[in-house]
Protein chains: 2
Amino acid sequence: MDRTNSPKAGRGALEPRQGAQAIRRALAVLRILAAGREDGVPLAEVIQATGLTRPTVHRIVHVLIEEGIVERNARSGRYAIGNQVPELALARPRPSRLLVAANPSLRRASAEIGDTLFLTARTGNDTLCVDRRIGVYPIQVLSIEVGARRPLGVSSAGVAILAAMPAQDARKIVAANEKRFEAYRTDTATVLGEVTAARRLGYGMRETGLVQGTKSISTWIKTPDGRPAAAMTVSAVRTRLGPRREQEVAEILLREARIIEQAIGG
Amino acid sequence: MDRTNSPKAGRGALEPRQGAQAIRRALAVLRILAAGREDGVPLAEVIQATGLTRPTVHRIVHVLIEEGIVERNARSGRYAIGNQVPELALARPRPSRLLVAANPSLRRASAEIGDTLFLTARTGNDTLCVDRRIGVYPIQVLSIEVGARRPLGVSSAGVAILAAMPAQDARKIVAANEKRFEAYRTDTATVLGEVTAARRLGYGMRETGLVQGTKSISTWIKTPDGRPAAAMTVSAVRTRLGPRREQEVAEILLREARIIEQAIGG
DNA sequence: TCGTTCTGTCCATAATATGGACAAGAACGC
DNA sequence: GCGTTCTTGTCCATATTATGGACAGAACGA
């Protein structure tokens, strides 16, 4: 595609190291498959989401199957992350810094608020739900589970994270995710609008969550270097989050987000 | 290297699907890095273990770093499995079939025996410690942790697994691991000898574990299709495992291994 | 039966990944 | 300070590899 064409290619800092197209493509495929969780993803969707051609995706996926990195559901024909990925993951020490740092805040906020709380980390151009706390209120929004992965921009957590980074970076990520928005019934313009709104508010908000009739509020959590690494979200049925309570909840989330930032920094 | 040279390449069943050398190599590198756990592995060792050339390994490793799949320890310069691998792993439902099936047996055997118990799964050409139970006896062998990964053949669990598969398959795997044995101070001949001995005994045994003065006994666990998928191991200081007690312990392990096989099969 | 929509395969070709050779940096001895 | 021996990192001509257009087969529904 459009490699820098000047032969000496001004070593422009972010020049992305060539000689590994295939590996990068394989990883792109893997990340799409990860978003499909246990159910997996049909080949056609991988093709659409990555923008690669059919033979290429087919070849990559099947090599990964031979290697045990991907599995194919015999019934549905869909492709999913395989056994060997968690096995490789065992090489890393168990609980992430973020999870440890956020734990007390999640407990506190969950007790105070009573609705479902989510901790969502940024990973590349995706958001990844890494923790969830169920509150005491009898109606809980449980649609999102730990491990859920979506393109940055389609959830209130993703919007919050985008809002907390330089506008230019956010635009780049949104552009990169463009092909994937379709599957979530949104588009670049909508997402950018929400991001701007979140930046003004100081937190992310969605009147319509991924489930009809739900509303979500998210605050971003930054690492010491100032870049947003995660978001803390409350989801509830819309009637539970009127303007007054929205304000209350947002204040709690903002307070706890700052505490988590301290815990990470120390 | 030696690709089948006849142009039409008799589709010989196991013909390993071409067009993905780079991806396969990247995965080979990843698996070596996984064996290095948190500490990581120096580049030279990856080169030695994979048999690839320096520029190739270097390129692969650095692309994987850019992608977040690999991390480099700034102090030691060693390379290790990165953050994004556990993140991808979250896409899979948590506890493996084996872990669930083996749980009661591990509890029972641990109570009965009193020494440290390990559950070790086979993954490709490696063994991977997936569970560990500490017994009541005051001296416990704790050198191996959950997540530890070693070439099939260097531990008693690996020997047991090799012993439980057709001799030809075992030889192939041992040959494939040859380059890596050096780092564990063993070699092909020694390993094959131990495998033969284990086949005769009915279980794997090592008079000298990876730690001086320890002894290990392992039984294999087969899936319904008859292929060994894991091993159950007891490790203890050598004096705790005289001939008499070796017999006792082996019988318990063999009994529980059969129970686990039933549980997987059902 | 035919259309539609999915997955899988072939193979000439362009572009990619390769690795020999070289460079740069770090650690040690003297 | 200067050689020696480690290590890791980079260059670039080249052959090997991965690519994708075009085609084929399978599954489903009308």
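Both backbone and side-chain heavy atoms feed into the values below; hydrogens, waters and symmetry mates do not. Every chain is numbered from 1 and lettered A, B, ... according to where its sequence line falls, protein lines coming before strand lines.
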* Structure fact -> In whole angstroms, the gap separating P of D:dC28 from CZ of A:Arg75 amounts to 12 Å

* Return the 5'-most residue of the pair A:Pro42, A:Ile23 with respect to DNA chain C, ranking by each residue's nearest nucleotide. => A:Pro42

* Asked: If you take all heavy atoms of B:Val159 and B:Gly153, which pair is closest and at what distance?
  -> CG2-O, 3.6 Å

* Scan residues 43-61 of chain A against DNA chain C and write down, sorted by residue number, each residue with any heavy atom closer than 4.0 Å; if none is found, say none. => A:Leu43, A:Ala44, A:Arg54, A:Pro55, A:His58

* Structure fact -> In short, B:Phe181 meets B:Thr188 closest at the heavy-atom pair CD1-N, 3.9 Å

* To do: Apply the salt bridge (charged side-chain N to carboxylate O under 4.0 Å, His left out) test between B:Asp126 and each candidate in B:Arg180, B:Arg31, B:Arg150; give the one that qualifies.
  => B:Arg180

* To do: Output, in order, the C-alpha distance, side-chain angles, deciding distance and verdict of side-chain hydrogen bond (donor to acceptor under 3.5 Å, both in side chains) for A:Ser235 and A:Thr214.
  => CA-CA 7 Å; A:Ser235 285; A:Thr214 67; 5.9 Å; no

* Counting just side-chain N and O atoms, does A:Tyr79 come under 4.0 Å of either OP1 or OP2 of C:dC6? -> no

* Asked: What are the two closest non-hydrogen atoms of B:Ile69 and B:Gln84, and how far apart are they?
  -> CD1-CB, 4.0 Å

* Please check the phosphate of D:dT17 (OP1 and OP2 only) for any side-chain N or O of B:Arg24 closer than 4.0 Å. => no

* If you take all heavy atoms of B:Ile264 and B:Ala101, which pair is closest and at what distance? -> CG1-CB, 4.0 Å

* Just how far, in rounded Å, is C1' of D:dC11 from NE2 of B:His62? -> 15 Å

* Distance test, side-chain N/O of B:Gln21 to OP1/OP2 of C:dA17, below 4.0 Å -> no

* Asked: Quick one: A:Arg78 CZ to D:dA27 P, roughly how many Å, whole number?
  -> 18 Å

* Hey, does the side chain of B:Arg25 come within less than 4.0 Å of D:dT16's phosphate (OP1/OP2), counting only N and O? -> no

